[in-house]
Student: 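Dropping the structure in here first, questions after.
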There are 2 protein chains.
Amino acid sequence: MQKLKQHKEIITYAVAMAFLLLILRFLEYRFLILQHEFEIYAGIIAILFLLFGIWLSSKIRKPKVETVFIEKEIKIFKNDFIINEKAISTLKISPRELEVLSLMAKGLSNQEIADSLFVSLNTIKTHSSNLLEKLDAKRRTQAIENAKKLQILAPTLE
Amino acid sequence: MQKLKQHKEIITYAVAMAFLLLILRFLEYRFLILQHEFEIYAGIIAILFLLFGIWLSSKIRKPKVETVFIEKEIKIFKNDFIINEKAISTLKISPRELEVLSLMAKGLSNQEIADSLFVSLNTIKTHSSNLLEKLDAKRRTQAIENAKKLQILAPTLE
DNA sequence: TTTTCTCTCATCCTTTCGTATGATTTTAGT
DNA sequence: ACTAAAATCATACGAAAGGATGAGAGAAAA
């Protein structure tokens with residue numbers, strides 16, 4: 001059954017061919033006796049097979065495949081920021097330090113950070129110092145820049 | 001002459017057709033006398049016109065074009081950062097100040113900025129002070145943050 | 001020519017930041 | 001119970017950063 005389906009086209013052509021030959025036979029026995037009708041008979045055959053050829057051709061011919069590449073632009077927003085947890089753990093930055101770091105990046109002073117976290121200025125200074133060392137920075141501005149490059153901090157976007 | 005060229009194909013088909021009919025005639029006079037050879041004659045006509053039909057079809061018919069659309073994904077990273085010229089002009093930030101600002105954002109100290117711009121530390125301090133006032137900031141970290149929010153500086157992306 | 005702007009540099013002073021060091025307390029894991 | 005890491009706080013000093021102010025040089029606009 002599957003093979004029948006696979007060779008469906010070939011079978012179709014074969015049937016069509018057989019049908020044409022049958023017509024041929026029919027015409028042969030019908031008109032052969034009448035000698036003078038031969039030209040008409042030949043003409044019919046010619047037209048018939050001409051048409052058959054045209055039809056066959058359209059079926060047989062493989063369609064030209066034209067491949068068109070549609071360039072689909074996929075905009076990737078670099079805003080889909082994912083915190084680089086690995087960097088944080090490898091640099092051994094503690095949660096509290098990270099907290100301080102993010103407030104630093106917002107432009108707060110040590111005193112302001114201390115106030116908002118309800119700890120002393122000295123505590124923030126210690127965190128700050130540790131952060132600078134862990135982030136290999138000499139200044140807080142550099143620390144912030146490095147942290148953003150390492151995707152430890154989200155980029156500042158409007 | 002031009003018309004000849006324009007109808008070149010049609011003429012070709014006409015000539016081919018005429019040629020085939022000529023063969024038909026020839027075969028007619030050649031084999032008609034021999035009655036028993038009629039089947040062969042009919043077969044030849046059939047094959048001939050079948051082939052002619054196929055050939056004709058291939059010439060006449062427009063080639064079947066099957067268009068295959070393939071979506072090609074093009075990743076576009078959207079860090080298409082555009083400097084907010086308006087903000088710069090409304091805040092009256094001078095080119096030199098902008099230069100200092102961008103170096104600041106990279107984490108350089110005033111001394112390092114002075115060295116890289118071949119000016120004195122005092123000059124950079126002046127620029128820095130002016131920048132802080134223009135950007136409504138109390139600290140350089142805040143100035144940088146504000147500048148990035150105003151799209152005066154590009155965001156830090158890896 | 002005069003004015004304005006930008007860039008430059010300086011001085012004095014204050015504030016903030018950063019380093020070094022030590023100590024206490026809490027939390028979490030062994 | 002012991003240990004290690006984290007968080008807290010402190011003191012003291014030195015290094016940057018920031019504020020206020022004045023001033024000179026050069027270019028461009030009025």
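These values consider heavy atoms only, across backbone and side chains, with no hydrogens, waters or symmetry-generated copies. Chain identifiers are assigned alphabetically (A, B, ...) following the order of the sequence lines, protein sequences preceding nucleic acid strands; residue numbering begins at 1 within each chain.
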Student: Can you check whether B:Asn122 has a side-chain N or O nearer than 4.0 Å to OP1 or OP2 of C:dA10?
Tutor: yes
Student: How would you label the contact of A:Lys92 with the nucleic acid (heavy atoms, under 4.0 Å): base, sugar-phosphate, or nothing?
Tutor: nothing
Student: Are A:Leu117 and A:Leu98 joined in one hydrophobic group, where the rule is that I, L, V, M, F, W and Y side chains link up if heavy atoms are under 4.5 Å apart?
Tutor: yes
Student: Does B:Arg140 have a side-chain nitrogen or oxygen under 4.0 Å from the phosphate oxygens OP1 or OP2 of D:dG18?
Tutor: yes
Student: May I have the distance from A:Ile144 (atom CD1) to C:dC17 (atom C1'), rounded to whole angstrom?
Tutor: 12 Å
Student: Atom CG of A:Leu131 to atom C1' of C:dC17: distance rounded to whole Å?
Tutor: 14 Å
Student: Between D:dG19 atom P and B:Ile124 atom CD1, what is the distance in whole Å?
Tutor: 16 Å
Student: How do B:Thr141 and B:Leu117 order along DNA chain C: which one's closest nucleotide is nearer the 5' end?
Tutor: B:Leu117
Student: Hey, does the side chain of B:Ser128 come within less than 4.0 Å of D:dG18's phosphate (OP1/OP2), counting only N and O?
Tutor: yes
Student: Only one of A:His127, A:Lys134, A:Lys92 passes side-chain hydrogen bond (donor to acceptor under 3.5 Å, both in side chains) with A:Glu97; say which it is.
Tutor: A:Lys134
Student: Between C1' on C:dA28 and CZ on A:Arg96, what's the gap in Å once rounded to a whole number?
Tutor: 17 Å
Student: Hey, does the side chain of B:Thr123 come within less than 4.0 Å of C:dC7's phosphate (OP1/OP2), counting only N and O?
Tutor: no
Student: Rounded to the Å, how far apart are B:Phe118 CZ and C:dC7 P?
Tutor: 18 Å
Student: Would one find a side-chain N or O of A:His127 under 4.0 angstrom from OP1 or OP2 of D:dA7?
Tutor: no
Student: A:Ser109 side chain: which of D:dC9, C:dC7, C:dT16 is closest?
Tutor: C:dT16
Student: Linking I/L/V/M/F/W/Y whenever their side-chain heavy atoms sit closer than 4.5 Å, directly or via other members, would B:Leu150 and B:Met104 fall into one cluster?
Tutor: yes
Student: C:dT19 phosphate, OP1 or OP2: any side-chain N/O from A:Ser129 under 4.0 angstrom?
Tutor: yes
Student: How is A:Leu132 classified with respect to the nucleic acid when contacts are heavy atoms under 4.0 Å: base, sugar-phosphate, or nothing?
Tutor: sugar-phosphate
Student: Between A:Asn110 and C:dT16, is there a side-chain N or O to OP1/OP2 distance below 4.0 Å?
Tutor: no
Student: Checking the side chain of A:Lys106 only, and the main-chain atoms of B:Gln142 only, is there a donor and an acceptor separated by less than 3.5 Å?
Tutor: no
Student: Just the rounded figure in Å: distance from P of C:dG18 to CG of A:Leu135.
Tutor: 12 Å
Student: For a quick check, tell me whether the side chain of B:Ser94 and the base of C:dC7 share a donor-acceptor pair closer than 3.5 Å.
Tutor: no
Student: Can you tell me if A:Arg139 touches the phosphate of D:dA16, counting only side-chain N or O atoms and a distance under 4.0 Å to OP1 or OP2?
Tutor: no
Student: Mind jotting down which residue pairs meet the salt bridge (charged side-chain N to carboxylate O under 4.0 Å, His left out) criterion with at least one end in residues 112-125 of chain B? Sequence neighbours excluded, please.
Tutor: A:Arg139-B:Glu112
Student: Among B:Asp136, B:Asn146, B:Asn84, B:Leu135, find the one that has a side chain to side chain contact (heavy atoms under 4.5 Å, CB included) with B:Leu91.
Tutor: B:Leu135
Student: Starting at CG of A:Leu91 and ending at C1' of D:dA5, how long is that distance when rounded to a whole Å?
Tutor: 16 Å
Student: What is the distance, to the nearest angstrom, from the NZ atom on A:Lys138 to the P atom on C:dT19?
Tutor: 10 Å
Student: Quick check on DNA chain C: between B:Val119 and B:Lys134, whose nearest nucleotide comes earlier from the 5' end?
Tutor: B:Lys134
